Amino acid sequence: MIKYAYSGSGLKDWEGRLAGYDKKFLVRLFRDMLRIRLIEEEIERRYHQDQMKTPIHLVIGQEATSVGCCAALLKEDLLYSSHRTHGNYLAKGGDLKAMLCEMHCRINGCAGSRGGSMHLIDKSVGMAGTSAIVGGAMPIATGAALAAQLQGLDRVSVVFIGDATTEQGVASESLNFAALKRLPVIFFCENNFYSVQSPLATRQPPREIYKWAASYGIASVRVDGTNVLDVHEATREAVARAREGGGATFIEAPVYRFRAHGGAGDDSHTGYRDPAEREAWEKVCPVETYYQFLAKAGLIDATQRERMHAEIMHEVLEAFDYALASPNPEEKDLYTHVYSD
Amino acid sequence: MIKYAYSGSGLKDWEGRLAGYDKKFLVRLFRDMLRIRLIEEEIERRYHQDQMKTPIHLVIGQEATSVGCCAALLKEDLLYSSHRTHGNYLAKGGDLKAMLCEMHCRINGCAGSRGGSMHLIDKSVGMAGTSAIVGGAMPIATGAALAAQLQGLDRVSVVFIGDATTEQGVASESLNFAALKRLPVIFFCENNFYSVQSPLATRQPPREIYKWAASYGIASVRVDGTNVLDVHEATREAVARAREGGGATFIEAPVYRFRAHGGAGDDSHTGYRDPAEREAWEKVCPVETYYQFLAKAGLIDATQRERMHAEIMHEVLEAFDYALASPNPEEKDLYTHVYSD
Amino acid sequence: MPWDEGLVNSLVYDTPDPKTGRVLGYAKAINEALDIALAHDPGVFVLGQGVDDPGRMFGTTKGLQEKYGAARVFDTPLSEEGMMGVCTGAAMNGMRPVYMHNRPDFILLAFNQLVTHASKYHYMDNGQTTVPMVVWAAIGRGWGSGAQHSQSIQGLLLGVPGLKIVMPSTPYDAKGLMLAAIADNNPVLIFEHRWLMKKDGMVPEGFYTVPLGKGVYRRRGKDITIVGASHALEVALQAAAKLADEGIDAEVIDLRTLKPLDEQIISESLKMTGRLLVVDTGWAMGGVCAEIGCLAAEKWFHYLKAPVRRVGLPDVPTPAGYTLEQFYYPDAQKISGVVREMVKK
Amino acid sequence: MPWDEGLVNSLVYDTPDPKTGRVLGYAKAINEALDIALAHDPGVFVLGQGVDDPGRMFGTTKGLQEKYGAARVFDTPLSEEGMMGVCTGAAMNGMRPVYMHNRPDFILLAFNQLVTHASKYHYMDNGQTTVPMVVWAAIGRGWGSGAQHSQSIQGLLLGVPGLKIVMPSTPYDAKGLMLAAIADNNPVLIFEHRWLMKKDGMVPEGFYTVPLGKGVYRRRGKDITIVGASHALEVALQAAAKLADEGIDAEVIDLRTLKPLDEQIISESLKMTGRLLVVDTGWAMGGVCAEIGCLAAEKWFHYLKAPVRRVGLPDVPTPAGYTLEQFYYPDAQKISGVVREMVKK
Ligand SMILES: Cc1ncc(C[n+]2csc(CCOP(=O)(O)OP(=O)(O)O)c2C)c(N)n1
Ligand SMILES: Cc1ncc(C[n+]2csc(CCOP(=O)(O)OP(=O)(O)O)c2C)c(N)n1
Ligand SMILES: [Mg+2]
Ligand SMILES: [Mg+2]
């Protein structure tokens, strides 16, 4: 039985609305989503080999949120993330080799093998930090926005959270303070209806998450999380608001993860959700629906897609080879950076 | 300059609506408020003598909320409170002598001198517990309601909170859980616009507290906190809802404290609020406005009020004498009840 | 999800002999304890993130919701502080909640309710209120658990009056201590360790309790006293076995409960051996090792023939990578090395 | 409101001689430190409940909002966990927040951010991120502060890697350590004690720092070493003066910083005296006393002539009543008594 159905209207509304958009940009959105999908699939394919001794929280099915959001940000804007970091990191422009080295626990990983997959960071592109504690990054991103406000920068910070994150008290405290100080922060909530294997209904009363956020007096919207253009547009508006001193925005994006909460493969068969639910959402796969949309608009075709695919896989396999050939940390590395001078 | 003005309409709407009410009950509401007022004034009068070595958080000006609410509860219903306990304790029927002994740090105090004024408790009348940590009692009252639900009792639990309490993450977590499980709990928020000496505007964005609570999908109302009849009616409805399995209710009652956050006397002169603001609210003093209302309705007159006053003062002075004559704890008393057998 | 469960599955400990009794897995032993408590006392209820999901908290809550209903065995919102308060409020009103956490790290969100409320009401109310509740969590380790998913916080809580702290190391104790904790009228923390979850052991059927505050000798010996609990004790026993071949005869005490602490058994042993090594799964600084080491200097000074030693974690956050983890977590070899130094002189 | 401030006003300590330098009150010394830091570094900002209210956090934030504006000195919502995270995020991005709390009890609400975030980012990010922030709080005592408004939590945090913990005892140190803490690139906790807030002392004008991690001799003596910090040290000094009249010559070390701990000065002194008494404002069990007592048994065992002793709070929550408080808090007499027992044999 399908507990959480797709309620969006797909991309058709966009057919007449591409005027303002640069074609290269529209294609880039597809490539970025495809790239994340292929990287995740390759990670998943290899995970059982136990070379990546780190938890993984795949974003297969959730590519449109990361890509649509980050496409509206500048490199200088800061992105904060949770345990589900892969899509955020890659969409923000994080270095793939450094990511895979981290996931292989190598000394040249993006966090020197101290962080693992839940702590992907690349400061050079504004991938600023994460927390493996649900809700932990919310006040931190809010504080980053306070810093920007105090420093007079028009930098925006964005934090990705999940539906369950809104149950944490600190989520409310973050919204209250962001609203109070009109901070340039965007709370991006990927509502995938589950927390690990717990459905929304066992954790929250019937209520609209984005309306709860609105009760703090900030702008709050819901957009189709499978629709990269909707996500991009909503984020662009939020970014504009933030830069103009209009304060914080909350964006709720219903979306679905096609895999288990953690690890490789789907786990719907264990019974906490109906495989038919996943299949229904796979029909509105953000990557495929957008490809069909672009193809229909004559902006891409199968050969181009195949070339893209090949390019990406070449990059990915090279990055895996690089990671596997990278050195492990040594004992002395354990003791550095406990304190900063 | 008056930052927070009274926005209620007083008692006039009630003139035609007393039909269903027992006259004795209406007069009792006045007596209960007057009694709290006189006890608080006597505590205040004596506080400088340093016999009560305990913080005090007077409820002078906030009598209608405690009295109106508790009048709608059964003895078995549980009341949880914060640092501002006096009115809650007395309105719920807490023993006056035990309260004053506690405030004088005597061994026969309601908490054996372990608690002080912020931990007034009288289980025999359902004054169930308090927390001196802002927000601390909210999930506890929610848990008490869960216990009632699991035990199949139709007992209701009520927790009194302040405006600032709603800024604590745990307030949101409590609302979420109470709403999720449809628990028989009432969150009674006395919005007196200040947290110690911090005005609401420095702590919360412009928003309606009761609408924030409503965003959790529970019944949420705002009533005039100076109007004992409005408070009673709103609580009665909430209690009925809770007993019928209709779940939690949030009640916001704008009200004003005529004294400092803690200690004796008003501190408006220190500048955090305008004395004119206090004076404006004193014009709608819950005790006096209700007296005028009853008098106009011919339910009470000056002589009856004087008799009441005298009776109460007799009781109060006797209780103080009793407390002052009571024994202090001894060293051995320090070590009992750290653990329960 | 306890992603390091995969890792846990691969751990092997010496398997007990079925002839001497019923052999049961660690998680199953806890499951039995919960089952018995739920059947025995209608006031008991079990809650926690995922206690009714397919994983069933390592299997410790398997079948319970089916048997006792969703009202008494239920999943919770992601609200650790709030739910800790809910448990406290329920416990203050006749219930006996068992609040289960996937990792102790998540209990840090609830310190205000645990440290400033649950542990204090009985005292603040002059004994009028009791707070019989159990807070359970399984320490994480390995597979990139890292700094935020591997913390042992018993040392942070040791000083808090009104709390009891339990750390079992065998299936027998896990069941018996759980039943004792549920029956206790105070807030009791039970810190399990993931790496024990698949350990097998002798577990009697039915109801029995292991008393809180009583340690036990796991190994008798005359040369040195090693005290600890949980997985740290498991490692210490491995070390002791190694050392025995070298003719070093270590006495190993499983404290089982850290608070209240069984000072008598430590003192009794120390009187014989004169040498004390304290092991813990947490940071060596300022926690369990420090308290017991200080007790030796304070109360058993005249028994001591050599400096006290402690083997816990260095004053460093947990690294995520397995290579670094190998250097971070003390193993049997590390412990043996320390013991050799201690008995040499 | 710090209602026990009234009480604080009544406390008298020996008044310093103005001839030997500028005499300043404790709170005013902190106020100067904040003023200097705000003037010197635009990255510094000060926040906390009531920092801009008429009470001005015991006067420590007096005049600062007027001088530096409401953007850099501001009141906060009642959201300790959230604001701790906000400070961490600001510190990770070029700012140096000073987050002030009326009581340490309120920091327990923020342990998740403090223990699992602020203290760990620098390590988790392999040194890429620094978190230069100061978290300040004044320990409550007396006038019915009770179990929930009087906790000394330094012992709970001592074992947490990545944190620094400071506990001044004089106006001079309060200013110098605050300036050092603000300049430090790590999260630094400063625990003050209400009963020191009105203490006077010599305080130089302008900028100076007292190095973190360095203790100081407050009194030289050969018979016994007493170590501690904050108000516990104040009481120890009163005891030491008494004992001097009896011909007992106590050496008193003010640790000033508990983490990192100045082991060298303790070891140096212990080598001479062979006797160690550790005092703390917190619970004796499992905290500061335990750590230092254990260090003695571990590293300085061969210096010890007698058992180590600790004088802190009993394993009991704080009672509200003043009569019970008298029995709860150790005073100079209690300390002298312990010292007499220690030096007798
Ligand atoms: C405070 C805390 N509690 C529990 C967990 C365990 N946990 C890790 S991820 C997760 C699910 C969070 O769900 P959601 O916020 O919806 O994000 P999603 O995984 O669905 O993307 C949980 C419960 C945690 N990391 N932190
Ligand atoms: C967690 C916490 N932070 C700060 C305090 C200090 N404090 C005590 S009462 C109070 C004001 C609370 O304001 P509100 O909730 O509006 O209740 P009111 O005093 O106005 O009745 C504060 C900040 C506290 N007790 N607990
Ligand atoms: Mg989710
Ligand atoms: Mg208020």
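Chain naming here is simple, since letters A, B, ... match the order of the sequence lines and numbering starts at 1 in each. Treat the numbers as computed from the prediction; the structure is a model and nothing was measured.
- With chain A as the partner, the residue from D:Leu163, D:Leu78, D:Val131 showing the most heavy-atom pairs under 4.5 Å is D:Leu163.
- Note that CZ of D:Phe74 is 6.5 Å distant from CG of A:Leu150, once rounded to the nearest 0.5 Å.
- In this structure, chain D has heavy atoms under 4.5 Å from both the backbone and the side chain of A:Leu334.
- Among the candidates D:Pro260, D:Gly162, D:Pro187, D:Ala90, the residue making the largest number of heavy-atom pairs closer than 4.5 Å to chain A is D:Gly162.
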Once you leave out hydrogens and angles, what donor-acceptor pairs under 3.5 Å do chain D and chain A share?
residue  : atom : partner  : partner atom : Å
D:Gly82  : N    : A:Glu173 : OE1          : 2.6
D:Asn93  : O    : A:Gln151 : NE2          : 2.8
D:Asn93  : ND2  : A:Tyr80  : OH           : 2.9
D:Gln113 : NE2  : A:Gly136 : O            : 3.0
D:His117 : NE2  : A:Ser131 : OG           : 2.6
D:Tyr121 : OH   : A:Thr130 : O            : 2.7
D:Tyr123 : O    : A:Arg114 : NH1          : 3.0
D:Tyr123 : OH   : A:Leu334 : O            : 2.7
D:Gln128 : NE2  : A:Cys110 : O            : 2.8
D:Thr129 : OG1  : A:Lys123 : NZ           : 3.1
D:Gly162 : N    : A:Tyr339 : OH           : 3.4
D:Leu163 : O    : A:Tyr339 : OH           : 2.6
D:Asn185 : ND2  : A:Asp341 : O            : 2.7
D:Asn186 : OD1  : A:Ser340 : N            : 2.7
D:Asn186 : ND2  : A:Ser340 : O            : 2.8

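- The shortest heavy-atom contact between D:Gly82 and A:Pro139 is O-CB, 3.3 Å.
- A:Ala141 does not touch chain D: none of its heavy atoms, backbone or side chain, sits under 4.5 Å away.
- Counting heavy-atom pairs closer than 4.5 Å to chain D, the top residue among A:Leu146, A:Val338, A:Leu183 is A:Val338.
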